[in-house]
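Data first, discussion second: the structure below is written as structure tokens.
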2 protein chains.
Amino acid sequence: MAMGRPRAFDADAALDQAMEVFWRHGYEGATIAQLTEVMGINPPSLYAAFGSKEGLLKAALDRYSAKRACWMEEIVSAPTARGVAERMLIGTADTQTDPANPPGCLLVQGGLACGTGSANVPFELAAHRAQTENQLRERFVRAKAEGDLKETADPAALARYLSAVIAGMGVMASSGADREALRQVAAVSVKAFEEQSNS
Amino acid sequence: MAMGRPRAFDADAALDQAMEVFWRHGYEGATIAQLTEVMGINPPSLYAAFGSKEGLLKAALDRYSAKRACWMEEIVSAPTARGVAERMLIGTADTQTDPANPPGCLLVQGGLACGTGSANVPFELAAHRAQTENQLRERFVRAKAEGDLKETADPAALARYLSAVIAGMGVMASSGADREALRQVAAVSVKAFEEQSNS
DNA sequence: TCCATAATGTAGTGAGCGCTACAAATGTGG
DNA sequence: CCACATTTGTAGCGCTCACTACATTATGGA
């Protein structure tokens with residue numbers, strides 16, 4: 001069996017470039033012309049590798065999540081729920097204002113509302129956001145079992161709360177909020193956790 | 001001087017319909033065909049009245065803000081900063097899940113990131129969001145002067161915090177979070193204010 | 001009544017979109 | 001070296017986009 005001509009570009013490197021375009025312009029605002037240019041390939045190569053614009057987005061989202069996985073591991077490894085919240089919020093303030101990336105969060109700016117032809121894109125983003133919320137909830141369930149959170153605390157509500165603040169920080173970062181502003185938000189947010197914690 | 005043929009449609013009613021389309025599909029996801037259909041007019045009437053798609057969005061945003069103005073008046077008329085926060089958060093949870101409107105907030109889903117041809121749309125939305133934050137900040141400045149907030153409280157940081165939570169709730173609402181979920185977020189968020197309040 | 005003015009409905013315009021047909025190029029297995 | 005499989009670059013497909021030319025219709029003023 002012959003194997004065919006080998007791919008001449010690095011798919012992961014190309015995905016990183018595509019990710020940034022989706023991040024900066026949103027799914028609908030990103031054009032195939034822009035994407036192929038930054039990826040350094042031509043449209044047929046893009047479609048052969050990823051199937052469609054939406055397929056490319058999914059691949060970029062998966063890579064985005066994969067890159068964040070180890071970061072999240074370190075977050076939830078904090079000893080207390082309060083520590084998890086603090087690391088998560090401060091870390092988010094920093095990453096969402098990291099000049100190496102577009103401001104904000106791809107999972108928020110990628111597209112909250114799309115046209116009829118891209119109706120499932122918002123769901124895709126929401127599914128990836130839910131992953132983070134689930135990780136946090138599970139961590140807080142554990143924290144409650146360990147007596148780290150009060151008996152009256154609701155792990156699901158706390159995880160949802162953190163998710164909301166993180167998404168909100170993404171919105172603010174996308175419109176120019178600087179790192180200091182987001183850290184202030186993080187600092188206030190953490191205080192809601194102190195009421196839920198023992199010690 | 002002759003006055004010309006009078007307009008055959010109600011501009012405000014048409015704006016309400018357009019607002020909903022932008023709300024549900026975002027600026028770029030909304031098409032002129034969709035807009036003219038729900039507005040009950042033809043493209044020339046739209047362009048005669050609003051100049052362009054972006055002009056229509058601006059008019060819709062202004063109407064959106066005008067509709068919220070009296071609502072906001074009632075919010076900031078609460079006697080204490082904590083009361084303001086509580087009314088704001090619970091009220092937001094309810095309005096963002098009001099079945100009479102698309103879920104979430106037009107100022108968030110309208111478009112956080114757009115293509116190169118619509119680059120100033122995100123700024124327009126951000127400017128309108130900033131109005132709310134400014135109202136809250138001014139209210140909290142007053143609350144601090146009245147001794148309602150602690151001496152150590154930062155009114156700007158608290159307003160930013162509320163702004164972030166509200167935006168975050170919009171993100172969650174847009175992806176299907178129900179009223180109960182948003183009220184839980186609101187309840188947790190309010191607790192961050194208890195630390196800042198006297199009494 | 002007749003003109004000036006402005007909105008309306010019909011029917012498109014050029015431009016840009018996502019996507020692809022096709023042939024040349026580049027690799028592997030026999 | 002040859003046949004096969006797959007990618008690549010060129011060029012352009014059909015379609016939808018935001019937007020508009022134009023003739024018509026409806027008003028107010030002289």
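Throughout, a chain's letter reflects where its sequence line sits, starting with A, and its residues are numbered from 1.
A/Thr95 and A/Arg68 share no donor-acceptor pair across their side chains, judged by distance under 3.5 Å alone.
Atom CZ of B/Phe50 and atom CG of B/Leu35 lie 10.5 Å apart (nearest 0.5 Å). In this structure, NZ in A/Lys53 is found 6.0 Å from CZ in A/Phe22, a value given to the nearest 0.5 Å. With rounding to the nearest 0.5 angstrom, the CD atom of A/Gln17 is 9.5 Å from the CE atom of A/Met19.
Here the nucleotide nearest the side chain of B/Pro6, chosen from D/dA26, C/dT8, D/dT7, is D/dA26. The nucleotide whose nearest atom lies closest to any side-chain atom of B/Asn42 is, among C/dG9, C/dT20, D/dC19, C/dG9. Nearest to the side-chain atoms of A/Lys53 among the listed nucleotides C/dG18, D/dT20, C/dG27 stands C/dG18. Distance from the side chain of A/Tyr47 is smallest for C/dT20 among the nucleotides C/dC17, C/dT20, D/dT8. The side chain of B/Pro44 sits closest to C/dT8 out of D/dT8, C/dT8, D/dC19.
With DNA chain C read from its 5' end, the first of the two nearest nucleotides for A/Ile32 and B/Ala48 is the one closest to B/Ala48.
Each of A/Gln131, A/Gln135, A/Arg139 was evaluated against A/Met72; a single residue qualifies, A/Gln135, per the side-chain contact (heavy atoms from CB on, under 4.5 Å) test.
Remark: B/Ser45 is not in phosphate contact with C/dA7, judged by side-chain N or O atoms under 4.0 Å from OP1 or OP2.
Not a single donor-acceptor pair, N or O on each side, falls under 3.5 Å between the base of C/dA7 and the side chain of B/Arg7. A donor-acceptor contact under 3.5 Å is not formed by the side chain of A/Arg5 with the base of D/dT6.
If you take CG of B/Leu56 and P of D/dC19, they are 10 Å apart, rounded to a whole angstrom. Following rounding to the nearest Å, B/Leu35 (CG) and D/dT16 (P) show an atom-to-atom distance of 17 Å. Distance A/His25 NE2 to C/dC17 C1': 16 Å, rounded to the nearest Å. Per the geometry, CG belonging to A/Asp10 stands 16 Å off C1' belonging to D/dT7, to the nearest Å. Distance, B/Ile41 CD1 to D/dA18 P: 14 Å, rounded to whole Å. For the pair A/Leu46 CG and C/dA21 P, the computed distance is 16 Å after rounding to whole Å. Put simply, CE on B/Met39 is 13 Å from P on C/dG9, counting in whole angstrom units. To the nearest angstrom, P of C/dG16 lies 15 Å from CD of B/Glu28.
At the heavy-atom level, A/Phe50 lies nowhere under 4.0 Å from the strands shown.
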